[in-house]
There are 2 protein chains.
Amino acid sequence: MPLTRIHNFSISLDGFATGEPQSAEAPFGHAGQRLHQWMMATRYWAADGTTGVDDAFAERHTPGIGAEIMGANKFGPPGWHDDPDWKGWWGPNPPFHTPTFVLTHHARPPLEMEGGTTFHFLEATPAEALATAREAAGDQDVRIGGGPTVVRDFLAAGLVDHMHLVQVPIVLGRGVRLWDGLEAVEQAFDVEAVSSPSAVTHLTFTRKAP
Amino acid sequence: MPLTRIHNFSISLDGFATGEPQSAEAPFGHAGQRLHQWMMATRYWAADGTTGVDDAFAERHTPGIGAEIMGANKFGPPGWHDDPDWKGWWGPNPPFHTPTFVLTHHARPPLEMEGGTTFHFLEATPAEALATAREAAGDQDVRIGGGPTVVRDFLAAGLVDHMHLVQVPIVLGRGVRLWDGLEAVEQAFDVEAVSSPSAVTHLTFTRKAP
């Protein structure tokens, strides 16, 4: 049975997955790159990167994934849907290489990019979006790509099988929180924590057998 | 130079150091004992407890401490100051064994208990309270005993030299948050994280040399 997975989702000590305000110049607001430096230091990201526990987790992002679901706020800065030429942050060859479903109230025709990524724009509940993405993924898994609002919605709906969070030892103070409304969500999962010499802590949530 | 230290201060993944509502029957509200089970499983707490990393951190609570500062919400349940006979949660021989300063807007005479604990009731700013506690502690350190509001106030005032937090992999959803108003507080500290086989993660904050 294919799984629904979350990978490399980074949060601050106070639970923010992005800072504010988000803009074309600062996709993560005042957080800048601080939530993702741990990943950019790995070989997964850069050929001369580290190969320890951070890399071991980071590289699980891609294999076995047949589709991604992302939120509108991941696809572009506020207001992107008013720009008919906006094609995402990632240039002509985005790093998804699968059908990629963008949850938005402003649907538009699919956008076929180089390298196997096609963006589909969808107004749907988490369960509906997952059914659509599963069909596109075939026998492979579906990744929930974020941002925090989308991750939270899928967790609240009980649709996540595996979640890898990375807790970065910074206090952002403001932004978008992951945990709001998720009281006791851990009870559905086996949770494991492992700290890295880079100072981040990897948290893995594996759904308990029913 | 004596230090100001915080030990064994447990928080949930979403940053709550206590649940709600707090009462005489449930000092930590709906959190129950879940934030402190890691500690109750150690030899520091129970003679037959574990002796690994959780115990190594836990037992640093006491040595070298000459005074404690705590908030009114640690000393008793809501309304304790209306009860002239309330002497704290801990019975005739409280586990502090030093002068212990309770920050409250309802001052009362000092309360001398067995075993070396004397409760002093104080209306003061963090800096004033620390000066008073330092004097009482002599050449030993002062511990900030919590709850979250007091820890937050001392962090915000830049008065903490060493902080040991324990992150417990539960999502409480509500209660009193540690991190509010502390944006970028980590920049004054070297931060280290180590996960335990018990599933908690120990975070140590050591103030950087000036």
Can you check whether [Y]'s main-chain N or O pairs, donor with acceptor, with [X]'s side chain at less than 3.5 Å?
{"X": "B:Arg134", "Y": "B:Val142", "answer": "no"}
{"X": "B:Arg5", "Y": "B:Ile65", "answer": "no"}
{"X": "B:Thr100", "Y": "B:Thr98", "answer": "yes"}

Subject >> Distance (rounded to the nearest 0.5 Å) between A:Thr206 OG1 and A:Glu192 CD >> reply: 7.5 Å
Subject >> Spacing of OG1 belonging to A:Thr18 relative to CD1 belonging to A:Ile11, to within rounding of 0.5 Å >> reply: 13.0 Å
**OP:** Report yes if the side chains of A:Asp141 and A:Pro2 come closer than 4.5 Å at any heavy-atom pair, otherwise no.
**Re:** yes
Go through [options] and name the one with the most non-hydrogen pairs under 4.5 angstrom from chain A.
{"options": "B:Pro169, B:Ser196, B:Pro197", "value": "B:Pro169"}
{"options": "B:Val171, B:Val194, B:Leu182, B:Thr201", "value": "B:Val171"}
{"options": "B:Ala184, B:Ser12, B:Gly15", "value": "B:Ala184"}

Original post:
Using non-hydrogen atoms only, which part of B:Ile170 is less than 4.5 Å away from chain A: side chain, backbone, both, or neither?
Top reply: both
Subject >> Atom group of B:Phe205 that falls short of 4.5 Å from chain A, counting heavy atoms >> reply: side chain
Original post:
A:Trp80 vs A:Phe121 aromatic rings, parallel, tilted or perpendicular, using cut-offs 30° and 60°?
Top reply: tilted
Original post:
Using the ring of each side chain (for Trp, its six-membered ring), is A:Trp90 parallel, tilted or perpendicular to A:Phe96, with breaks at 30° and 60°?
Top reply: perpendicular
Subject >> chain A contact residues among residues 24-54 of chain B, heavy-atom distance under 4.5 Å >> reply: B:His30, B:Arg34
**OP:** Return the option, out of A:His202, A:Gln167, A:Gln187, with the maximum number of heavy-atom pairs under 4.5 Å with chain B.
**Re:** A:Gln167
Report all side-chain donor-acceptor pairs from residues 173-181 of chain B shorter than 3.5 Å, counting only partners two or more places apart or in another chain.
| from | atom 1 | to | atom 2 | distance (Å) |
| --- | --- | --- | --- | --- |
| B:Arg174 | NE | A:Glu183 | OE1 | 2.7 |
| B:Arg174 | NH2 | A:Glu183 | OE2 | 3.0 |
| B:Arg177 | NH1 | B:Asp14 | O | 3.3 |
| B:Trp179 | NE1 | A:Leu13 | O | 3.4 |

